[in-house]
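Whatever order the structure lists them in is the order used to number ligands and atoms, beginning at 1.
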Amino acid sequence: MPTSLSQRPQLQYLTAAIDELKQKGTHFRLRILDDVQAPVCTYDGKRVINLASNNYLGLCNHPKLREAAIQATKDFGVGSGAVRTIAGTMKIHMELEEKIARFKNVEACVVFQSGFTANAGTVSAILGKEDFIVSDELNHASIIDGARLSRAKIKVFRHKDIAHAEEILREIQNEPGHKLLITDGVFSMDGDIGPVDKLADLAEKYGAIMMVDDAHASGVLGRNGRGTVDHFHCHGRVDIQVGTLSKAVGAIGGYVCGSKDLIDYLYHRARPFLFSTSHPPSVTATCIAAFDLLESEPERIERLWDNTRYFKTELGRLGFDIGGVTTPASETPITPIIIGDGRRTMDFSRALFDAGVLGTGIAFPTVPEDKARIRTIMTSEHTREQLDQALETLEKTAKKLGILA
Ligand SMILES: *Cc1c(COP(=O)(O)O)cnc(C)c1O
């Protein structure tokens, strides 16, 4: 038996908070994957069609990536042994950064331990107390945390509302201090695309730094998955592009692309880069192999979009509310099924699981209180049969719970 700490009074308020979640019906247990991340896999001992992962291109378990990880471990060991700036920069780290920079057609790139640290580390490093961050209201938590850590003044514009963003930029136009205009490339809860081109126009007009977080666009949008800057033909107009290595790329990590000096500055000032150990060689080698695949097997991305169009159309046809906050609703492989009430959403998610479909329920505070949803994500590896079966289960279960008429 482990030593019990549960009777001590210091943390009783956390127990109370958990009890409150349970009462609201939004408390969850972690679902445990017994085998590998795949379109059909086993969670908690149950075989389910998986509509919940970010494994867009099936790379989490690709044989070439597995092989690259094993080979790098044999050649270079399991750990880098230090932070990048002390003794933990390996040749393979530089190789990946150069590869990504070429892929994205930018001067330079720096890799972080995750997309989260890439965003938070970059925003907090480049802004200070006198500066402004102008941010879409639905931007990712890592951007919000980075903004808070920077102590810059945070100005939030309504979701994808260009006129509102401009109003804010105009208001602060004559203030001293740098201005950072920032958007997600693809919004992670709604699956809609950020208006990168129009925001880039604004950034130029008002002399703001333009930054895009392409976590869900990396490997998904643009030629060979180059992201939203490529999708919108905005090369050379976005100062800072963040991408993730944790979603379509299949491993873990985040990166920042931009000018040589931006990257050199982040080497000197981004705190996760300075104070947290670099990736093990296996992760880096996996990512290198993944970028090779993005270029050599673009058909994966085509399959992803075929599946996406099919699944979205069918969900709509069944009568589900698939968003969105703005029109058009989701334009990407992320498709929310909006239920509204948090408890109802979690009940639906559990019933789906029992019927053989994993669709994660997402409630407050991740999304607004009345916008709870099942978030579905398509991958290139789902077969049409699997999708049809998932749709049938969604329909039956929704009817049983009165979500569909
Ligand atoms: C997932 C996500 C991140 C974080 O990426 P990780 O590599 O998982 O840390 C950052 N921004 C957005 C928009 C995301 O969806």
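For F187 and H159, the gap between ring centers is short of 6.0 Å.
Using 4.0 Å as the threshold, G253 has a heavy atom nearer than that to some atom of ligand 1.
Counting the atoms of ligand 1 from 1 in the order shown, those under 4.0 Å from a heavy atom of H216 are 15 (O). Atoms of ligand 1 lying under 4.0 Å from at least one heavy atom of T244, given by number and element, are 5 (O), 6 (P), 7 (O). Below 4.0 Å from some heavy atom of A215 lie the following atoms of ligand 1, by number and element: 2 (C), 3 (C), 10 (C), 11 (N), 12 (C), 13 (C), 14 (C), 15 (O). Numbered from 1 in the order shown, with element, the atoms of ligand 1 that lie under 4.0 Å from a heavy atom of S188 read 15 (O). Contact atoms of ligand 1 toward S142: 10 (C) (distance under 4.0 Å to a heavy atom of the residue). Counting atoms of ligand 1 from 1 in the listed order, those under 4.0 Å from a heavy atom of S114 are 7 (O), 9 (O).
For ligand 1, the polar-atom distance check against F116 finds a nitrogen or oxygen pair separated by under 3.5 Å. Polar contact check, G115 against ligand 1: a nitrogen or oxygen pair lies under 3.5 Å apart.
Protein heavy atom nearest atom 7 (O) of ligand 1, with residue, atom name and distance: S246 OG, 2.5 Å. Shortest contact from atom 1 (C) of ligand 1 to any protein heavy atom: K247 NZ, 1.5 Å. Atom 11 (N) of ligand 1 has as its closest protein heavy atom D213 OD2, 2.6 Å.
Annotation for C41 and V36: closest pair CB-O, 3.3 Å, computed over non-hydrogen atoms. S218 and T244 make their closest contact through OG-N, 3.4 Å (heavy atoms, listed as atom of the first residue, atom of the second, distance).
Ion pairing of R317 with E314 is present here, as a side-chain N (NZ or NE/NH1/NH2) and a carboxylate O approach within less than 4.0 Å. Electrostatic pairing of E171 and K155 does not count as a salt bridge here, judged by no charged N lying under 4.0 Å from a carboxylate O. Using a cut-off of 4.0 Å between Lys/Arg side-chain N and Asp/Glu carboxylate O, D292 and K99 are scored as salt-bridged.
Under 4.0 Å from ligand 1, the heavy atoms of N119 that appear belong solely to its side chain.
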**Criterion salt bridge (Lys or Arg N to Asp or Glu O under 4.0 Å) on D347 and R350, from CA distance to verdict** = CA-CA 5 Å; D347 287 346; R350 273 188 289 270; 3.1 Å; yes
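Using cut-offs of 30° and 60° on the angle between ring planes, the pair Y267 and F273 is parallel.
Annotation: the span from L266 atom CG to F112 atom CZ amounts to 5.0 Å, rounded to 0.5 Å.
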